[in-house]
Structure formats: C-alpha cells, structure tokens
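When reading the values below, keep in mind they use all heavy atoms of this one structure, side chains included, and skip hydrogens, waters and symmetry mates. Count residues from 1 along the sequence.
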Amino acid sequence: MLKVAVFFGGDSVESDISVITGIGALSALDSSKYQGIAVYVRDNKFWIANEQKALSVGIYSKFNKANFKQVYVSNKRLVFAKSKFKEKYIDIDIALLCTHGGNCENGGLQGLLEINDIPYTSTDIARSAICMDKSLTHIFATKIGVKNVNYTLVNDKITEEGIEEIFNQFNKNVVVKPNSLGSSVGVQAVNDSKQIYKAIQNALRYDKYALIEQKVDNLVEFNCAAVYSGKEILLSDVDIPVRSKEILDFEDKYLMFNGKAEQEKFELTSALKKQILQTTKKVYDELGLFGVVRIDYLYDSAINELYLNEINTIPGSMAYYLFANCGIDLMDLTDILIEAGLARYKENKALIKKFDSSLLTLSENSSPKLLQKFHK
C-alpha cells in the first residue's frame, strides 16, 4: 500500500481554502491502494494531524498542538521532531499537494521535496514560480501566442503622478490586484481616479508588486482545467463561475452561500468552447505544466475576444468539479495524479545527474589562493 502525504495549509491568504482541498483529497483516496497522511503546513512548520481527527475542519480552525505531531521532511521521510533518543519517521511514497498560494504553490515546497527525493503531484519548481507571478504569466502567454490583457507592474515607489499617468493610459478603466496572490484576494475594479491609489496601496499590503490590468468590458469569465494522465492531456468541461459583482472576488468564490451570486447568463457557443479547450491544452502543453491545472479566462462578449487571466497550478478542490461531466470524480483524479507523479519521478531519476571529472583530483594539492584564480 502506497503512503501518500497530503500537504495542505501553508502560510498564505489561501490557507483556509487549502485545508478544505486537503480534507477532500484525503477522504477521496482509494483506501485499498493508499494510506493517506495529513500533513498540515503552519507557521513554516509541518504537522501530522491526529489520524482520528485528520478529516475534522475544527482542528485546523482552532489549532492546538495536542492534535498534531511536528515533523520535518528528510529523504523520502517525515521525521518526528524533538525525539530525544531515537529517530522516528514515516516513509512516504509520494506527496499529494493541495497547497494554495505562497511558498507552497510557487515552487518553494516543490524544491524542498525534490531535494529530499520525494515524488510530488504538481507542476515543477520553475513553472510553478512563473504561474504564481501574474506578470510572468502574461509574458510567457504572449510568447506562445495566447492573448492576455494589457498590464503594467508597480511597487511602493510609484508616485501619485505616475499612477495618474498609468490610469489615463488604460482609459481610466482598470483592475488592480496583488501580483502573486490567488483566490481573488485584494482584487479591485477601478474607474475613478480617487480610488486607484487606494486600490494599489491595498494590493501592496499583500504583495511587493501590484498588477494593473486593462479591465475587460462586457465581461464573461470562464474556467477550464487540464491534467496529464501519464499518456495524454485530459481536458475538463468549460465552466462559467457565479458572481455577484462586476469582477469575481473571494466572497463570490468561497463565501456566497446566500444565493446573491448568480450564474452568468451567457450562451456558450461550440466555437468559443472549442477555442477555450484548445487554448487550455496549448498552455498546459507548451508551458510544460503538470498535475491538475485550472486556467481562468476573461471574455469580452461584445467584440468576441478571449483573454487568458490566470494559471492555477494547484487549484481549489483540485478543480474536480470541472471534470464531473467528463466521468472523472475526485477519487479518479487522485489516482491520476499519484500514478502520473510516480511515473514522472521514475523518468527524472533516469536522467544523468552527475558528471565524473578529474578536476578535483588535479586540484588536490593546489592552494586556496590558486583555486581562487581558477574561474578568472
């Protein structure tokens, strides 16, 4: 039976959403094939949840160390911290990543796992970092011929005069957002010069950079996901998310239980659906993505123009709901992720990682001062 460490939580504004994703993934694992281990990331530490309580939201919302054991990650193991006389550990076969935002989605956690020779289920280090950084996403999307909105990046050095100039360049109709956050936190639509400075300052509370984008008029938003099965890229259905405001925000995504948010009334044509599916596959393939990836789109219904908005390399609930009409449920999805992750790990292990040279042998008797000149 494979031991699957399900990582969730993390020090990011998306931590709570990640907990829900992690619990869902744990509960969906096929118990005849996998032993799930709940690994909660909090305060830059790793905690194994009490097995009897691991699926209870309450132990995460009201964190108490009594319900957890602190561990650290080391060479295919979760090692128990603070063991006085004997090292205790749990061997793990693969890490199923359900972490959203921060260092747990931007490649940081992936790097830790790679250093410790642990297979994992998400996009690799470099591409995770690119997709977390929205400005880099725009650059790479443009590079592969995928349209995205005009944008500019600012930091806290921007002056009010500079903001006014940018605002005018974008026809006084923009969306301001933190550059490297997800879940629509800190996002604000602005068409008033008195609001834009405050919107930028708000975005900079969450991130070192604020992204200013041209707002899309006559807006309809779409979501579409993809996952690599080990043989081919599988595409989900195309979804129109519900929203109660002019742009989708955190409340619409996760807190709207009172029915105020409504499904966008829009007839998705077969041609537009085909374009979204083809673009999703193109982005996934040409950027070299992996695992479940959800891509969000903006569409101007008046001019029939589709724009890539964001790439989510570890989407909420692993975007399993988008695959429902494709005959893939959450258990199927965890199976696909684990099997593909193990296959990728095997392929990577076959690559040459060392190069034996005579350099160190020839340098054995050289003085440090002589070695300092080596690279000159």
message = Looking at N116 and L112, would you say the former's side chain and the latter's main chain have a donor-acceptor pair under 3.5 Å?
response = yes

query = Any donor and acceptor pair, going by atom type alone, linking the side chain of Y228 with main-chain N or O of G230 inside 3.5 Å?
reply = yes

message = Let's go through F266 and Y299 carefully: what are the C-alpha distance in whole Å and the side-chain angles of both, what is the deciding distance for ring-ring contact (aromatic ring centres under 6.0 Å, His included) to 0.1 Å, and is it a yes or a no?
response = CA-CA 11 Å; F266 180 81; Y299 180 69; 5.8 Å; yes

ask   = Short question: side chain of Q214, backbone of F170 - any donor-acceptor pair under 3.5 Å?
value = yes

query = Are L113 and V292 in one and the same hydrophobic cluster, where Ile, Leu, Val, Met, Phe, Trp and Tyr link if side-chain heavy atoms are under 4.5 Å apart?
reply = no

query = In terms of side-chain geometry, is the basic nitrogen of E339 or R344 positioned less than 4.0 Å from the acidic oxygen of its partner?
reply = no

inquiry  = Can you confirm whether I336 sits close enough to L234 that some side-chain heavy atom of one is under 4.5 Å from a side-chain heavy atom of the other?
reply    = yes

key: Test: K273 and D237 ion pair at under 4.0 Å   = yes

task = Check the surroundings of atom OH in Y89: do more than 12 heavy atoms from other residues, nucleotides or ligands lie under 6.0 Å from it?
result = no

ask   = Short question: side chain of S128, backbone of N106 - any donor-acceptor pair under 3.5 Å?
value = no

inquiry  = Is any side-chain heavy atom of V6 closer than 4.5 Å to one of L29?
reply    = yes

ask   = Is the side chain of S27 donor-acceptor paired with the backbone N or O of I23 at a distance under 3.5 Å, no angle test?
value = yes

ask   = Would one find more than 12 heavy atoms of other residues, nucleotides or ligands at under 6.0 Å from atom OH of Y209?
value = no

task = Could you check F63 against F68 for ring-ring contact (aromatic ring centres under 6.0 Å, His included), going step by step and ending with a plain yes or no?
result = CA-CA 9 Å; F63 182 73; F68 299 86; 5.0 Å; yes

request  = Check L97 against I314 and note the closest heavy-atom contact, atom names and distance.
outcome  = O-CG2, 3.4 Å

query = Salt bridge between K3 and D93, side-chain N to carboxylate O under 4.0 Å?
reply = no

request  = Evaluate the criterion ring-ring contact (aromatic ring centres under 6.0 Å, His included) for residue pair F8 and Y60; output intermediate values, then yes/no.
outcome  = CA-CA 11 Å; F8 56 91; Y60 307 106; 5.2 Å; yes

query = Backbone N or O of E14 within a donor-acceptor pair of the S18 side chain at under 3.5 Å?
reply = no

request  = Give the C-alpha distance, both sets of side-chain angles, the deciding distance and a yes or no for salt bridge (charged side-chain N to carboxylate O under 4.0 Å, His left out) between R294 and D296.
outcome  = CA-CA 7 Å; R294 192 191 78 232; D296 301 340; 2.8 Å; yes

ask   = If we only count heavy atoms from C-beta on, is the E114 to I125 side-chain gap below 4.5 Å?
value = yes

Cluster overlap L337 with I92, hydrophobic side-chain contacts below 4.5 Å = no

ask   = Sub-3.5 Å donor-acceptor pair from the side chain of K134 to the main-chain atoms of I311, do we have one?
value = no

ask   = Does F80 have K88 sitting over its ring (NZ/CZ under 6.0 Å from centre, angle to axis within 45°)?
value = no

inquiry  = Just checking Y320: does its OH atom have more than 12 heavy atoms from other residues, nucleotides or ligands closer to it than 6.0 angstrom?
reply    = no

message = Atom NZ of residue position K281 - does it have more than 12 heavy atoms of other residues, nucleotides or ligands inside 6.0 Å?
response = no

ask   = Is the backbone of N218 close enough, under 3.5 Å, to the side chain of S301 for a donor and an acceptor to pair up by distance?
value = yes

message = Other residues, nucleotides and ligands only: do more than 12 of their heavy atoms fall within 6.0 Å of NZ on K33?
response = yes

message = Side chains of S74 and V79, heavy atoms from C-beta outward: is any pair under 4.5 Å?
response = yes

query = When the aromatic ring centroids of Y40 and F46 are compared, is their separation below 6.0 Å?
reply = no

ask   = Are S135 and Y151 side-chain neighbours, meaning at least one heavy-atom pair lies under 4.5 Å?
value = yes

query = If you measure only the distance, is there a donor-acceptor pair under 3.5 Å linking the side chains of H100 and T21?
reply = yes

query = In terms of side-chain geometry, is the basic nitrogen of K172 or D192 positioned less than 4.0 Å from the acidic oxygen of its partner?
reply = no

task = Verify the neighbour count for atom NZ of K208: are there more than 12 heavy atoms of other residues, nucleotides or ligands below 6.0 Å?
result = no

request  = State whether the side chain of Q201 and the backbone N or O of K198 hold a donor-acceptor pair below 3.5 Å, judged by distance alone.
outcome  = no

inquiry  = Does atom CD1 (I352) have a neighbourhood of more than 12 heavy atoms from anything else shown, all under 6.0 Å?
reply    = no

ask   = Sub-3.5 Å donor-acceptor pair from the side chain of D207 to the main-chain atoms of S180, do we have one?
value = yes

ask   = Y297 pairs by side-chain hydrogen bond (donor to acceptor under 3.5 Å, both in side chains) with which of T280, N223, T279?
value = T280

inquiry  = Just checking F140: does its CZ atom have more than 12 heavy atoms from other residues, nucleotides or ligands closer to it than 6.0 angstrom?
reply    = no

